[in-house]
Colleague: 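After the structure tokens below, expect a handful of questions from me.
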Number of protein chains: 2
Amino acid sequence: MATLKDVAEAAGVSRATVSRVINGQAGVNPETRTRVLRAIDQLNYRPHPVARGLATKRTRIIGVFVPTTVTRLFLDHFFPPLLQGVVQAAAGRGYNVMLSLFSDEGDRDSYAHSVHNGYMDGAIAVVSALMSNVLLPRLQAEGFPLVTVGRWPAMDAPSVDVDNRAGARTATEHLLRIGHRRLGTITGPRDLPMPQDRHQGFEDALRSYGIPVDRRLVVEADLTELGGMVAMQRLLEEKPEAVFVQSDTMAIGALKAIRAAGLRVPQDIALVGFDDIPLASLVEPPLTTIRQPIQLLGHMAVELLLDVLENPGNKNAHRQLQLPTELVVRASCGALRTR
Amino acid sequence: MATLKDVAEAAGVSRATVSRVINGQAGVNPETRTRVLRAIDQLNYRPHPVARGLATKRTRIIGVFVPTTVTRLFLDHFFPPLLQGVVQAAAGRGYNVMLSLFSDEGDRDSYAHSVHNGYMDGAIAVVSALMSNVLLPRLQAEGFPLVTVGRWPAMDAPSVDVDNRAGARTATEHLLRIGHRRLGTITGPRDLPMPQDRHQGFEDALRSYGIPVDRRLVVEADLTELGGMVAMQRLLEEKPEAVFVQSDTMAIGALKAIRAAGLRVPQDIALVGFDDIPLASLVEPPLTTIRQPIQLLGHMAVELLLDVLENPGNKNAHRQLQLPTELVVRASCGALRTR
DNA sequence: CTGAAAGCGCTAACAG
DNA sequence: CTGTTAGCGCTTTCAG
């Protein structure tokens with residue numbers, strides 16, 4: 001591999017000049033520049049990123065932190081496209097992506113490994129609903145540039161998230177618009193941010209239709225299919241016309257419970273989910289749901305992070321981004337088209 | 001951040017000695033060693049990997065190359081657990097994982113970016129059935145350490161793969177064992193290695209039962225659900241009793257085609273798939289299929305790569321690993337238990 | 001067993 | 001506009 005020095009010699013200039021050309025710095029004689037460029041080309045020279053990293057203190061590597069729990073849970077449908085979005089966006093800006101799993105309890109090992117690994121300029125942390133982590137706040141306190149995907153109330157790091165509240169409102173309003181009035185809902189754990197947000201959206205919708213919230217029609221579950229099933233069994237006693245379920249996974253459980261009770265979806269009970277997981281379109285009946293722009297989320301997370309990395313003053317701009325969701329109408333709500 | 005120099009001063013030794021301690025080199029006075037260790041601890045010193053990388057020419061970063069096509073196709077169910085396996089195994093050995101997508105055509109950009117990026121000591125390439133790539137062979141020719149996941153006949157790089165042939169044979173023999181005789185099969189593109197291997201396994205099974213292969217019962221498709229559906233429609237005319245479908249994704253398509261024709265699975269036609277994607281257990285009826293040890297595949301790929309990286313002589317050992325598969329009996333084959 | 005010295009390949013003031 | 005001079009933080013001969 002050719003080095004800067006080789007190029008400098010070949011071009012008959014100093015290494016500093018070559019460096020200037022490579023980094024596109026102004027103030028190099030055009031003629032010299034082309035001479036250098038030719039030498040670079042002939043020697044097939046590439047700057048050595050490690051050496052550059054040592055000199056500049058910037059590696060152009062960003063980390064992606066993934067709680068190990070996520071990998072196996074409902075967010076499975078979330079992580080791959082997110083990662084793809086991140087990697088694409090990063091590549092587009094000349095950054096590399098380094099992956100780091102960490103356990104919920106942020107033990108010393110994973111801490112040392114993922115961060116003081118010292119390679120990363122900053123990182124994007126996937127904040128699952130399932131973690132009560134100690135690593136992230138610590139990193140942030142140390143001034144390590146961090147962007148979270150998902151809201152994490154205990155931290156004021158820049159974040160990207162879907163507008164859960166608006167999405168839930170849209171879902172619920174859809175149910176109301178097509179005529180349902182006695183609405184139930186199955187929520188996730190109410191001590192987590194995401195279920196809270198989605199529930200607010202649900203209430204927003206009811207409120208906009210002047211319908212009071214009936215506590216008996218609100219059942220909490222744990223975001224799993226089984227949880228959705230159990231919750232639905234309970235909800236059945238209240239005879240709702242339609243149910244907004246906070247996640248597709250739970251909605252599928254609900255579907256089973258309804259069917260087990262000898263009822264039909266959507267004729268007896270209409271259902272709307274959230275997330276648009278791949279399975280949503282495959283169950284019978286296909287689920288009406290709220291789609292998240294997952295890949296875009298990844299893109300935006302990168303933008304946010306690079307913004308922080310490259311303009312260390314700009315920290316006021318662009319914090320806490322919220323991306324819009326999209327209603328996907330399928331059969332489970334009982335309205336095949338609503339244009 | 002404390003540096004080597006700080007530690008050396010605090011311990012009253014030279015930087016060389018500290019370096020020796022850190023790297024666990026023999027030949028350091030135990031007493032000196034503990035003194036150094038204490039200083040390291042007090043200063044909370046961590047070696048700076050970039051500096052170390054510059055000095056040693058090894059970064060302890062391994063790459064994972066993913067063809068962009070994979071991210072959206074059937075291997076979606078494959079990639080996340082694989083990646084998890086890779087990252088875990090790498091972390092266990094003190095390596096970091098860098099992700100790199102590349103397009104099928106290995107254009108200059110992605111080439112430059114992913115490889116001459118110069119960060120990686122070596123890489124694991126996910127060889128999808130869908131790529132005809134030029135990047136990998138080039139890298140290999142340049143002596144870049146590479147391990148492939150999946151077989152890639154044009155290359156003799158070390159690889160890990162599932163034993164597709166044996167798995168297909170097991171699946172087919174299961175069908176035969178429970179009494180089916182007129183077997184059809186839906187294959188992937190026959191010019192790709194994986195479909196070829198699986199088809200060989202299918203023929204192996206028939207042969208072991210003394211049944212001739214009937215060309216009319218072999219239909220090729222493109223590994224998509226739609227492809228499976230179309231293929232099945234065609235196969236229906238031949239009235240097979242049972243069908244071995246080379247992938248679960250296609251099997252789900254086949255399922256739909258059978259149902260659309262007013263027939264039942266498994267009563268009218270039995271089905272066995274391959275891959276055990278998450279959806280396999282969720283469709284109706286649940287799919288009997290062949291499970292791959294995906295995460296283990298990731299682990300082994302790392303082992304293989306590190307073996308090459310750390311013992312540059314050993315290249316004869318461990319090449320072309322094949323991992324066993326497992327038959328998962330569910331309802332679609334018509335035999336709920338076969339012990 | 002330990003230290004001195006010379007880099008690894010690049011960037012970044014500072015002169016000129 | 002260009003070259004000189006110092007490093008970035010660590011490893012690695014080579015002496016001692």
Side-chain angles (χ1 to χ4, degrees), chain A residues 1-40 43-61 94 96 112 115-121 309-310, chain B residues 1-40 43-61 94 96 112 116-121 310:
Chain A
M1 284 294 92
T3 76
L4 240 208
K5 198 173 141 218
D6 301 330
V7 176
E9 284 167 2
V13 297
S14 74
R15 295 183 305 163
T17 300
V18 179
S19 179
R20 285 187 190 105
V21 171
I22 287 167
N23 296 301
Q25 285 175 30
V28 177
N29 185 311
E31 201 177 293
T32 321
R33 169 183 300 278
T34 56
R35 200 143 34 89
V36 170
L37 253 19
R38 187 158 37 241
I40 286 178
L43 297 173
N44 192 27
Y45 165 79
R46 315 269 169 192
H48 187 116
V50 179
R52 186 182 276 189
L54 184 57
T56 56
K57 308 263 139 224
R58 310 182 75 271
T59 57
R60 292 190 149 285
I61 296 175
N96 289 102
V115 186
H116 269 123
N117 98 5
Y119 268 128
M120 307 171 189
D121 287 343
L309 289 180
E310 297 181 347
Chain B
M1 283 292 93
T3 76
L4 239 207
K5 197 173 142 218
D6 301 328
V7 176
E9 284 166 4
V13 297
S14 74
R15 297 183 303 165
T17 300
V18 179
S19 178
R20 285 184 190 107
V21 171
I22 287 168
N23 296 299
Q25 285 175 28
V28 177
N29 186 311
E31 202 177 294
T32 321
R33 168 183 301 277
T34 56
R35 198 143 35 89
V36 170
L37 253 19
R38 187 159 36 242
I40 287 178
L43 297 174
N44 192 25
Y45 165 80
R46 314 268 170 194
H48 187 114
V50 179
R52 187 182 273 191
L54 183 57
T56 58
K57 308 264 137 222
R58 309 181 75 272
T59 56
R60 293 194 149 261
I61 296 175
N96 290 102
H116 268 123
N117 97 3
Y119 268 128
M120 308 171 189
D121 287 343
E310 298 181 348

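In what follows, chains are A, B, ... by sequence order, proteins preceding strands, each numbered from 1. Side chains are part of it too, since the values below use all heavy atoms of this structure and drop only hydrogens, waters and symmetry mates.
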Colleague: Could you tell me whether a side-chain N or O of R20(A) sits under 3.5 Å from a main-chain N or O of G27(A), the two making a donor and an acceptor?
Modeller: no

Colleague: Have a look at V13(B) and say if it touches a base, only the backbone sugar-phosphate, or nothing, with a 4.0 Å heavy-atom cut-off.
Modeller: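 Sugar-phosphate, backbone atoms only, no base.
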
Colleague: Donor-acceptor pair, D121(B) side chain versus T59(B) backbone, under 3.5 Å?
Modeller: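 Indeed, once roles are kept as given, a pair shorter than 3.5 Å links the two residues.
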
Colleague: Please tell me if S14(B) has a side-chain N or O lying less than 4.0 Å from either OP1 or OP2 of dG3(C).
Modeller: yes

Colleague: So if I take every side-chain heavy atom of A55(B) and compare against dC10(D), dT11(C), dT2(D), which nucleotide ends up nearest?
Modeller: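 Within the option list, the nearest is dC10(D).
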
Colleague: On DNA chain C, compare the nucleotides closest to T56(B) and R33(B); which residue's is nearer the 5' end?
Modeller: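 Looking at DNA chain C, the more 5' nearest nucleotide goes with R33(B).
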
Colleague: Under 3.5 Å, is there an N or O donor on one side and an acceptor on the other linking the side chain of R46(A) and the base of dG9(C)?
Modeller: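 Flag unset: no donor-acceptor pair detected.
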
Colleague: dG7(C) P sits how many Å from L4(A) CG, rounded?
Modeller: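 After rounding, the gap between these two atoms is 17 Å.
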
Colleague: Whole angstroms only, please: what is the OH-C1' distance between Y119(A) and dG9(D)?
Modeller: 12 Å

Colleague: Donor-acceptor pair, distance only, cut-off 3.5 Å: does the side chain of R35(A) make one with the backbone of A11(A)?
Modeller: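 Checked: pair present.
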
Colleague: What is the nucleic acid contact for T17(B), judged by heavy atoms within less than 4.0 Å: base, sugar-phosphate only, or nothing?
Modeller: sugar-phosphate

Colleague: Determine whether V21(B) and V7(B) make a side-chain contact, defined as any pair of heavy atoms from C-beta on separated by less than 4.5 Å.
Modeller: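 Not touching, per the 4.5 Å side-chain cut-off.
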
Colleague: Checking the side chain of N23(B) only, and the main-chain atoms of Q25(B) only, is there a donor and an acceptor separated by less than 3.5 Å?
Modeller: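 Here the side-chain-to-backbone pair does not exist.
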
Colleague: Whether K57(B) contacts dG9(C) is assessed here as follows: a side-chain N or O lying under 4.0 Å from the phosphate OP1 or OP2. Is that the case?
Modeller: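 Indeed, a polar side-chain atom of K57(B) lies that close.
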
Colleague: Is the shortest side-chain N/O distance from R52(A) to OP1 or OP2 of dG9(C) below 4.0 Å?
Modeller: no

Colleague: Both A2(A) and G12(B) contact DNA chain C. Which one's nearest nucleotide lies toward the 5' end?
Modeller: G12(B)

Colleague: Could you work out which one of dG9(C), dT2(D), dA4(C) sits closest to the side chain of A16(B)?
Modeller: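 The closest nucleotide is dA4(C).
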
Colleague: How long is the line joining CD of E31(A) and C1' of dC1(D), in whole Å?
Modeller: 12 Å

Colleague: Rounded to whole angstrom units, what separation is found between the CZ atom of R35(A) and the P atom of dC1(D)?
Modeller: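 Computing the R35(A):CZ to dC1(D):P distance gives 14 Å.
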
Colleague: Within the distance-only criterion (no hydrogens, no angle test), does the side chain of S19(B) pair as donor or acceptor with the backbone N or O of R15(B) below 3.5 angstrom?
Modeller: no

Colleague: Starting at CZ of R15(B) and ending at C1' of dT12(D), how long is that distance when rounded to a whole Å?
Modeller: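 So the two atoms are 12 Å apart, to the nearest Å.
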
Colleague: Just how far, in rounded Å, is P of dG9(C) from CG of D6(A)?
Modeller: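 The distance from CG of D6(A) to P of dG9(C) comes to 9 Å, rounded to the nearest Å.
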
Colleague: Check whether any side-chain nitrogen or oxygen of S19(A) sits under 4.0 Å from OP1 or OP2 of dA12(C), and answer yes or no.
Modeller: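 Indeed not, no polar side-chain atom of S19(A) lies that close.
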
Colleague: Tell me: NZ of K5(A) to C1' of dT11(C), nearest whole Å?
Modeller: 17 Å

Colleague: Mind checking if V50(B) touches a base, just sugar-phosphate, or nothing, with heavy atoms under 4.0 Å?
Modeller: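 Nothing, no heavy atom under 4.0 Å.
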
Colleague: Heavy atoms from C-beta onward define the side chain here; which of dC10(C), dT2(D), dT2(C) lies closest to that of A51(A)?
Modeller: dC10(C)

Colleague: Picking from dG9(D), dG3(D), dC1(D), which would you name as closest to the side chain of R20(A)?
Modeller: dG3(D)

Colleague: Could you tell me the separation between the NE2 atom of H48(B) and the C1' atom of dC8(C), rounded to a whole number of Å?
Modeller: 13 Å

